[in-house]
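Scroll down for the structure; my scribbles are underneath it.
All values below were derived from every heavy atom in this structure, side-chain atoms included, with hydrogens, water molecules and symmetry-related copies excluded.
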Amino acid sequence: MNSSSNTECGVCRGFDLAEAEARRENDESRATDCRVLRRRHRAAEHPDGIESGNGNGVGVGAT
Ligand SMILES: [Zn+2]
């Protein structure tokens with residue numbers, strides 16, 4: 001089993017890849033940068049921790 005975070009969001013993915021690459025090059029500051037940016041993006045775009053699907057996911061509670 002080799003399942004890292006199941007990210008479907010392209011932006012999260014991009015930060016993920018960038019971080020992995022930076023780490024490979026031992027560029028810790030860059031990796032940290034990517035992590036911070038990804039965190040920010042996630043907080044803004046995936047407040048519920050849901051990575052797939054954007055928009056309103058909260059709408060349960062119909063009459
Ligand atoms: Zn994302």
CZ of R42 to SG of C9, rounded to nearest 0.5 Å, is 9.0 Å

Would you say that H46 contacts C12 through its side chain, given a criterion of any heavy-atom pair below 4.5 Å between the two side chains?
yes

With the side chain counted from C-beta on, respond yes when E21 and L17 share a heavy-atom pair under 4.5 Å apart, and no when they do not.
no

Identify, with sequence neighbours excluded, every residue that meets salt bridge (charged side-chain N to carboxylate O under 4.0 Å, His left out) alongside R35.
E19

For D27, what residues pass the side-chain hydrogen bond (donor to acceptor under 3.5 Å, both in side chains) criterion, not counting sequence neighbours?
S29

Side chain to side chain contact (heavy atoms under 4.5 Å, CB included) for R30 and R23? Distances and angles first, verdict last.
CA-CA 8 Å; R30 205 169 109 198; R23 272 176 139 181; over 6 Å; no

Scanning both residues in full, the closest heavy-atom pair of A22 with A31 reads CB-N, 3.6 Å

